[in-house]
Each structure stands twice: as C-alpha cells, then as structure tokens.
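Only one structure is covered here, and it is reproduced in the block below.
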Amino acid sequence: MSIAFLAVRKTPGICDRLATQREDGNSCDFDWREVEILMFLSAIVMMKNRRAITVEQHVGNIILFSKVANVILFFRLDIRMGLLYLTLCIVFLMTCKPPLYMGPEYIKYFSDKTIDDELARDSRVTWIVEFFANWSPECQSFASIYADLSLKYNCAGLKFGKVDIGRYGEVSKKYKVSASPLSKQLPSLVLFQGGTEVMRRPQVDKKGRAVSWSFTEENIIREFNLNELYQKSKKLSKSRGDKVNQSQFPPVPEEEEPEQQGAEAQGEEFESKKDK
C-alpha cells in the first residue's frame, strides 16, 4: 500500500490512461507537483525519524507517511481513486492491528485499583513505572526495550511496572500523564520511592507540554541511575534472604572435636574399669 501510487504511475497499460501535467504529455512519469509532494514527504520522514529508537520504528514511520502521501497523490489524480485508497487504508487500520510485545519480562501490570497499594506496600522498594497506551506506536516500539531493562535490573528492591492509561483514565488524571496523541507524553517513565514520585521522563513544562526526550536504553540507564539503584537494591535482597533463612531453619548445634570425643570415651572406659 505504501508504493501503490508508484505502481499505478509506472505500470504500462494503467499509467497510459492517467492524467498528467507534464509538458511532454508522458503520463507514465511524475509531474513537477508530484515530485514536490514526494520531496516534502522525505523531509517529514527524516524529521520524524530523529526520535525513532528502533529499526522497526524507522520503517514504520516511512510506511505511515508514505500512505499519507499516497492519499494526497491519489486525490489529486482522481477523487474516485483517492476515496478507494483511503477506504482501503481505513479497513487495513481497523483489521490489521500491530502485534504486541510477547517476549520475556519481569514487569508487573497495574490497574486503577492496585497501583496505589503496590507502590506504597514497602517503602524500601523502588518502582519504575511505565504509563503507556496500546494504540501508541511509540509505546509499542518501547515495549521490548523496557522488557530488556526489567530482565537486567529487576530484584527485590528494584521493580518494574506498567499501567495502561488508555484503559484506566483515572490513573492518567491522578498521575498527570496525558493520553492525548498530541501531548507526546506516551510513553512516560516515573520513578517512585516509598510511593512518592522522584522523577519522570519526559519532563513536562509549565504549559503541560512534554520536553522532547529519546527513550533509548542508554538514556534510561543514565538518567535513572539504574546501575547504582541496582547495587543498593541487591543489598536489600541479601538482607531479606538472610532473615528468611534464619526464620526457616533452627540453629545447628556445634559438633565436638574428634579428639575431645575420644578423650571423653577413654574417661568413661576408665571409670567403668575402676568400678569393677
């Protein structure tokens, strides 16, 4: 679908019947206005891909804006072809939803009824929570990166969570994360310690607009200081493990030295002979 206009314009037998504004009358080649639209498309894709963090997101941006350019080009060529192509795009969007990440992860999914209790359950536990929406392409691209971080850094004192604010609107209002596509706040990562927010990315200015920030693994590790947090959290894990071991197993009595046991046995034998 992304190359539909190119195929129609360049296919012999079809392009011969199309209208054109070229001076030479060649309807099987782009006219100056079509070239201008395609150049503008290239500039938009380059600007949009500056924030892309995965190869899939780069390719997705190219495909998305190519479809937008196709709609414009088809409507300019023939309104009937434009309506047909637009209908196909809508049907494709409704029926072929992008796949969700289903790989390994150490992430707890919250609802509007569980997030507050879980964050405040243990003040020693640090939580990193992602506020996301399934319809957001940026959240879909970030899912695998966030899962990898949870596999590397999850422990008893540092945990990872997610909450779908597209589904739980009350959570979106309480934690001031806008679910609007125009806000650019999806995804949002928030660090909680003792149930209290310590920091978040992207930051939000006084006007409620998100400050541009790239959700790469390197940026997250650096900004949230994950290496140091993980080292501190491992100490909590060890202390918890020691307490569990001490409570589950009774103390083992110390064994006597073999020499001492032999001496005691000889003493008992001597006493028995003396009595006889």
Side-chain angles (χ1 to χ4, degrees), residues 1-103 132-145 164-167 178-187 202 209-216:
M1 293 186 66
S2 300
I3 61 172
F5 186 82
L6 175 64
V8 170
R9 180 59 89 181
K10 293 294 185 178
T11 302
I14 299 178
C15 61
D16 298 334
R17 304 177 183 180
L18 300 178
T20 183
Q21 294 183 2
R22 290 178 61 91
E23 295 180 356
D24 58 4
N26 182 9
S27 59
C28 291
D29 202 356
F30 298 117
D31 59 36
W32 68 273
R33 180 63 70 181
E34 292 169 350
V35 173
E36 190 177 47
I37 293 172
L38 293 174
M39 292 295 293
F40 182 72
L41 165 69
S42 301
I44 293 296
V45 169
M46 291 178 63
M47 292 177 59
K48 189 68 176 178
N49 274 344
R50 290 172 59 186
R51 297 187 61 201
I53 55 178
T54 63
V55 176
E56 291 81 4
Q57 194 170 359
H58 279 279
V59 176
N61 287 335
I62 294 173
I63 293 174
L64 173 63
F65 287 101
S66 295
K67 291 178 183 177
V68 174
N70 274 281
V71 170
I72 298 172
L73 291 170
F74 274 122
F75 267 106
R76 181 176 173 274
L77 187 64
D78 190 326
I79 190 171
R80 294 169 297 179
M81 297 181 70
L83 289 173
L84 176 61
Y85 183 80
L86 182 60
T87 302
L88 290 175
C89 288
I90 294 174
V91 171
F92 179 82
L93 181 64
M94 298 297 294
T95 57
C96 300
K97 296 182 179 180
L100 300 177
Y101 177 78
M102 301 297 290
F132 76 103
N134 283 326
W135 50 260
S136 170
E138 288 79 10
C139 294
Q140 294 165 7
S141 300
F142 180 61
S144 60
I145 296 176
D164 186 355
I165 62 174
R167 182 178 180 183
S178 175
S180 171
L182 301 178
S183 69
K184 297 182 180 180
Q185 292 187 36
L186 293 177
R209 296 175 300 186
V211 179
S212 181
W213 195 71
S214 179
F215 281 87
T216 62

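Since we're looking at a predicted model, the values are computed, not measured.
To the nearest 0.5 Å, the span separating CD1 on Ile72 from CG on Leu41 amounts to 8.5 Å. Here the straight-line distance linking atom SG of Cys15 with atom CG of Asn26 works out to 7.5 Å at 0.5 Å rounding. Atoms CD1 and OG, on Ile145 and Ser141 in that order, are 8.0 Å from each other to the nearest 0.5 Å.
Arg22 places a side-chain N or O within 3.5 Å of a backbone atom of Phe30 that can act as its donor or acceptor partner. Looking at Asn61, its side chain never comes within 3.5 Å of a backbone N or O of Val45 through a donor-acceptor pair. Judged by distance alone, the side chain of Ser42 and the main-chain N or O of Leu38 form a donor-acceptor pair under 3.5 Å. Using a distance-only test at 3.5 Å, with no hydrogens or angles considered, a donor-acceptor pair links the side chain of Gln140 to the main chain of Asn134. Between the side chain of Tyr85 and the main chain of Met1, a donor-acceptor pair closer than 3.5 Å is present.
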Item to complete: Decide side-chain contact (heavy atoms from CB on, under 4.5 Å) for Phe132 and Ile165; before the verdict, give the C-alpha distance in whole Å, the side-chain angles of both, and the deciding distance to 0.1 Å.
Response: CA-CA 6 Å; Phe132 76 103; Ile165 62 174; over 6 Å; no
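With salt bridges taken as basic N to acidic carboxylate O contacts below 4.0 Å, none links Lys184 and Glu138.
Leu186 approaches Ser136 most closely through the heavy-atom pair CB-OG, 4.1 Å. Nearest approach of Pro187 to Phe215, heavy atoms of both residues: O-CZ, 3.0 Å. Across all non-hydrogen atoms, the minimal contact from Leu77 to Ala19 is CD1-O, 3.5 Å. In terms of heavy-atom proximity, Asp16 sits nearest to Ser27 at CA-OG, 3.5 Å. Nearest approach of Ile62 to Ser66, heavy atoms of both residues: O-OG, 2.6 Å. Ala179 and Trp135 make their closest contact through O-CZ2, 3.0 Å (heavy atoms, listed as atom of the first residue, atom of the second, distance).
Looking at Leu86 and Phe75, their side chains come closer than 4.5 Å, going by heavy atoms from C-beta outward. Lys67 places none of its side-chain heavy atoms less than 4.5 Å from the side chain of Leu93.
Within 6.0 Å of CZ on Phe40 lie no more than 12 heavy atoms contributed by other residues, nucleotides or ligands. At most 12 heavy atoms of other shown residues, nucleotides or ligands fall within 6.0 angstrom of atom CD1 in Ile3.
The only member of Gln21, Arg9, Met39 that meets side-chain contact (heavy atoms from CB on, under 4.5 Å) when paired with Glu34 is Arg9.
A search for disulfide (SG to SG under 2.5 Å) contacts involving Cys89 returns nothing, not counting sequence neighbours. Applying the side-chain contact (heavy atoms from CB on, under 4.5 Å) rule to Thr95 yields the partners Val91; only residues at least two apart in sequence or on another chain are considered.
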